[in-house]
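Read the structure below first, then the notes.
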Amino acid sequence: MGRLGEIWRRLGMLVRREEFDRELEEEMRVHREMKERELISEGIAEDEAGYAARRAFGNATLLREHGREAWGWRWLEDLLQDCLYGARGLRKSPGYTATAVITLVLGIGATTAMFSVVNTVLLRPLPYAGPARLVQIEENHAGGTNFPGQFFAESFSYANYVDLRATQHKSLEAVGAYRPWMFNVGAGNVSGAEPAQAEGAMISANLFEVLGVAPELGRGFTADEQREGADNVAILSYGLWQRQFGGNPNAVGKTIRVSDVPHVIVGVMPAGFEFPQGARIWTPLVTEGELKSNRRSHLLHVIGRLASGANAAQSEAELRAFAEGVEQQNPGVDPGFQIAVGNLRERITAPVRPALLVLLGAVGLVLLAACANVANLVLMRNTTRVREFAVRAALGAGHGRLLRQCFAESALLGLTAAAGGVLLAVWCVKLVVAFGPQDVPRLGEAHVDGMVLAFAVALSLLTAMAFGAVPAAEASRADPNGALKEGAKGTTSVKGAKLRGALVVAEIALALMLLAGGGLLMNSFLRLSHVWPGFDEKNLLTANIFLSPNRYQPKHIAPFFDRVLERVRTIPGVESAAVVNTLPVSGGAATDFVIEGRPMPAAGDEPSADIRVVAGNYFTTMRIPLLRGRWFDVHDTESSARVMVINQTMAERYWPSENPIGKRVTMRDWGPPLMGEVVGVVGNVKSDALDAQPGNMLYWPERQFPSIFDNLVVRTAGDPVALAAALKAAVWSVDADLPLASIATMEERLADSVGPRRVQTVLLSVFAGLALLMATVGIYGVMAYSVSGRSREIGIRMALGADVRAVRNLVLREGLLWAAMGIGIGFVASVGLAGVVSSLLYGVTPRDPETLGGATLLLVIVAMLACYVPARRATRVDAIKTLRAE
Amino acid sequence: MNRDELLPGTLYLLILKTLARGGELHGYEIARSIQQISRDVLQVEEGSLYPALQRMLIKGWVKAEWGVTPEKRRARYYRLTAAGRKQLEVEKSEFERVMQAMMRVIQTA
C-alpha cells in the first residue's frame, strides 16, 4: 500500500501542479507574515521586521523549488523546458535545422525501411501456432550433392517418409509432408471466370494440424482421403475461393474441376495462408501404390512439430539413428541416407538471409555517416553558441544541466527526423514490395508496423545520442571565464577543428566502404548481364503448360504437341516453335546415371545430370549449337531405339578423349531405369541460374519420355509479345480448356532470374550514393566553416603578401589531408570486410582492384571538388575588411 | 538537503514529535513550537520546514488541510497519519540508538 500510495500521490501532484504551486506559495507567505507580525509585536520597526522575517525564512525561491522537487517531477519539467528552448533555437536557424533533419530523415528512413523488410522476412515468427516448434526435416546424402542454403535443399522419398511416420519419435509431436504440384483449376460458379493454372501442393491429411492452422470454412482432409482410390477432394486458398466462387460460402461441398477431374471442395483456408509459398490449392497426398516403396525419388518436403521441451538438435540426433536403421534394412538402395532438422522459419529464409543482412549492415553505415554529418553540424553551431553556454554556466547551470540541454536538442532533432523517416520508410517499403523480387518469402507482407515504429523511435534516440554526445561534451565544458572575456566572436579551437576533421574522416571512410560494396555488386551485375546463357534469348516467347495426367495419358502428350506446334508455326511472324519440360535458368529435375561398360560408381558417388525433355525443333529454335552428332528427328519415335543428346560439360567430363556418340547411358531415377544411346552433343545452357556453372545435362525426345510439365518456346521475327494472343488461340484451337500460364519473353525470364540481384545492387548503390552525398556535404561544410573561421588568419597572410595560390593550397591541403586519411581507413576497412559480400558476387573477387580503385578515384574527385569551392572562397577574402572588422 | 543547523536527519523527527504532541498545526506553529520547546537552541531555517513537509506528505506520514487561524487567516494545517505515528517511533528509536552510541564514545575514558 505504502509504495503504491506514494506513486498515486505523486501522480495526483502532476495533475494539480499549478494549484500546488499556488498553495505552497501562499503557505510560505502566510508564514513570513505571521513572523513579521510577531516581530512587530515585539517592538521591531515595520520594514526591519519584514527583512528579518525573510532572513529567518531563507531563500524562498530555492525552497519552493526544493518543495516541488520533493515530488520528483522536476526532471520532467526541466525536460519540457529544455525541449521548448531547443525547439525555439531550431526554429531560429532554419538552414541548420533543415540540413540536419534531411540528413537524418534519409538515414533513419532508409534504415527503418530496411529493418521493416528484415523484420518481416527474417524475424517475425511464422503465422502459425507455436512457430518456434516447427521444423523442416531434410533428407541428406553423405557424399551426395548438397546445396546448403538452397530452398528445400533435399527432400524425402515416399518410402522414407512413410517409415518416418510409422516410427515413434520422442522429440517429435507430429510429422507432415507435402509435394508441391501444379493444378489446372476449372471455372467455379462465377460467370466469366477462366480456367487457371494454380500452384499448390498435395499434402498429408495432418499438414494443417502440424502448422496449427484450421480452415476458415469446411474442414481439412481425413486420413481416409489419403487412400488410393478415395473420392477426389480439394481445399482452396482464400484468394482462389474469392476468384472462382466470388467468396460464396456455399462453395464448400460444390464440385470444381481440378486438372480435369471433378473434385469436391471440402474447405477454404483463411486469408493470407500460403504454405508452401505460392500455394493456392491443396489435394490429399496419396502415399499408397507404386511410389510407396520408392526410396530414390526425392519428391516430398517434410515438416514436423517438436514435442514440447525438445529442440531441433535433439530431434536431429534421434532421426539420425532412425536413418541408420532405414539404411541397414535397405542396403545400397539410397546410400548415405542422413537426416537434418532445422527451424522451419530459418530454413525458409536461409536463401535470402545473407543478402538482407549485408543490406541492413550497409544501411547502418549510411546512418552512421548521417550521424557523423549531423554531429559536425551541431559542433559547428555550438561553437557560435559558446557565449550562450558560458552565460548559462555563469548563472549557475550545472555541467549536467548543460549536457542535458544539448541532448534535449539532439533528441528533438532525432525525433523530428524519425517522423520524417517513418514516412519515407512507409513509401520505400511500398516500393520494395511492389518492385522487389517475387521469390523472397513473405516480402509481400512487409509494412511499417508497431515494432518498426518502436525501432524507428529507438533508432532516432540512439542516433541523437551518437551525434549529440561529442558536441554535448564539448559544450558542457564551456569555460565561462574565457568565453565571456574573449568577446562575441565564436572562436575555433584547435581541438574542435580536430574533432570535426575526425568526423569527416569517418564519413569518407564509410562512403568508401559503401562505394566499394556497391561497386562490387554493380560489377557483378554487369558481368552477369553479359553472360552467354547458351542460347539466343532475343525474340523468344515462352508459355507454361501443365498436361494433367487425368486428361493426357503419356502416349497422348507428344501427338498433342505435334498438333499444337503445327498450328503455332502457321502464325504469321513465327519462325519456329518447340517444347521443353524446363526452361533455362529455372532449375528442374535431375537424375543419377550410369554409363554402360564403366565400373559401377561407389554407392553415393553416382554422377547426376539435369533432365530436359524436348519436342519440335528445340535446339534450332533456341539456337543451341550442335557440337557433334545429330539433333533428334522425326525418326526418333515411341517404337524406335531410345536416344539422348548430352551437353558439352557431360561429354567432356565423361568422354574426355573419346567420341561420346554411340555410347549408352542409363537413367536410374524416374521410374524403371531407362537406357538410351547418345546421338548428339550440344552446347551448354545455363540451367539453374545465370551465375551457376552448368552441370551435366541430358535431353530426351518427348516421344520417348513424355513430360506432363512443359513449356512452349516460340521464335518470332518481330516483337514476341505481339504474338501472345495468337499463341493462346493456337493452343486453344487444339484444347480449349487448357490454361496457358506465365506467358513471357525469354528476356523477361532471364531478367526475373536475376531480380533479387538487381534489387540488391540497386539498393546498395542507392546507399552508397547517399553516403557519398553525406561525405560531400560533410567535407564541404567543414571546409567552408574552417575558411570562415580562419578569415582573419587568411587576411593577415594575404596582407603579408601570400598570393592567391598559396592561400588556396593552404585550404586545399587541410581538406585533402582529411580525405586522404578517410580514404586510407576506408580502403583498409573495405579490404577487411570484403568477405562479407563475397557470397553476393559474380565474376569479381571481393578485393577486385578495379572496383576498389574506381571507388577510391571517385571519392578523391568528389573530395577535391568539395574542398575546391571553399578554397576558392578563401582566396577572395578581403584582407583589409577582415582586419578592420577585428 | 537540510540547510538548517540541526543534526542531519532530525528534522523529520522534530516535526513528527511536534505534531504528535500538538495535534493539528500549521507551518509557523510547528517552527515556533520547535524553537520554544528547545529554548531557542534548535534554530531551524524556517523555510526548510516546507520542503520537508512536502516530502512527508508524499510518504503519507502527514495529511494537510486548509483551515482558518484564530486570527481569521487561511493556513494549511498538518496532522499525523497512522503511518506518521509509526514513523515517529522508528525515527525516535533510531535517534536514541545513535545518541547512545555517541554518548558511549564521548564518555569512554
Side-chain angles (χ1 to χ4, degrees), chain A residues 1-17 19-42 49-77, chain B residues 1-6 11-12 15 18 24-36 40 42-79 81-87 90:
Chain A
M1 168 62 209
R3 192 79 203 142
L4 216 70
E6 187 177 327
I7 292 169
W8 181 246
R9 282 189 288 275
R10 279 179 197 266
L11 281 176
M13 163 66 200
L14 192 63
V15 179
R16 312 186 306 118
R17 205 165 62 90
E19 193 182 336
F20 168 88
D21 267 350
R22 243 191 355 261
E23 289 186 341
L24 190 60
E25 174 101 48
E26 181 181 348
E27 192 176 22
M28 289 178 163
R29 198 184 60 235
V30 169
H31 183 112
R32 283 196 304 271
E33 284 169 8
M34 286 179 174
K35 178 85 178 184
E36 202 179 322
R37 191 117 24 106
E38 192 184 295
L39 290 172
I40 291 171
S41 72
E42 283 171 12
Y51 287 131
R54 247 169 282 162
R55 222 168 17 243
F57 193 82
N59 183 344
T61 314
L62 199 65
L63 288 166
R64 208 161 50 234
E65 289 209 343
H66 279 259
R68 208 185 294 153
E69 216 169 283
W71 293 90
W73 297 111
R74 165 91 186 257
W75 62 270
L76 193 74
E77 287 174 36
Chain B
M1 266 301 218
N2 298 324
R3 310 202 170 173
D4 49 51
E5 288 157 30
L6 295 172
L11 186 57
Y12 289 147
I15 297 173
T18 308
E24 291 207 349
L25 298 173
H26 57 70
Y28 185 65
E29 284 172 337
I30 297 173
R32 209 178 40 192
S33 172
I34 291 174
Q35 218 171 327
Q36 281 171 358
D40 288 340
L42 296 180
Q43 287 285 342
V44 182
E45 186 193 41
E46 291 172 18
S48 67
L49 207 58
Y50 293 94
L53 282 167
Q54 294 303 328
R55 283 190 286 274
M56 292 168 79
L57 276 171
I58 296 171
K59 304 274 188 204
W61 298 340
V62 297
K63 265 197 163 358
E65 238 169 84
W66 286 92
V68 181
T69 65
E71 299 87 37
K72 304 272 179 272
R73 291 194 64 104
R74 233 167 81 85
R76 186 142 58 170
Y77 282 90
Y78 295 86
R79 65 182 157 80
T81 61
R85 247 171 259 288
K86 230 184 282 167
Q87 187 64 25
V90 173

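Quick caveat: nothing in here was measured; it's all calculated off a predicted structure. Numbered from 1 within each chain, the chains take letters A, B, ... in sequence-line order.
Residues A/Val30 and B/Arg73 form a side-chain contact, since some pair of their non-hydrogen atoms from C-beta on lies under 4.5 Å apart. Two residues are said to be in side-chain contact when any heavy atoms from C-beta on lie closer than 4.5 Å; A/Glu33 and B/Tyr28 fail this criterion.
A/Glu25 contributes atom CD, which lies 12.5 Å from atom OH of B/Tyr50 (distance to the nearest 0.5 angstrom). Within the model, atoms OG1 of B/Thr69 and CE of A/Met34 stand 5.0 Å from one another, a figure rounded to the nearest 0.5 Å.
Using a 4.5 Å cut-off between heavy atoms, A/Arg37 contacts chain B through its side chain alone, with no backbone atom that close. Heavy atoms closer than 4.5 Å to chain A are found in both the backbone and the side chain of B/Arg76.
Crowding of A/Arg32 atom CZ: a count of heavy atoms from other residues, nucleotides or ligands under 6.0 Å exceeding 12. Atom CD of B/Glu65 is surrounded by 12 or fewer heavy atoms from other residues, nucleotides or ligands within 6.0 Å.
Smallest separation of non-hydrogen atoms from B/Gly27 and A/His31: C-ND1, 4.0 Å.
Looking at A/Glu38 and B/Arg32, a side-chain N of the basic residue comes within less than 4.0 Å of a carboxylate O on the acidic one, giving a salt bridge.
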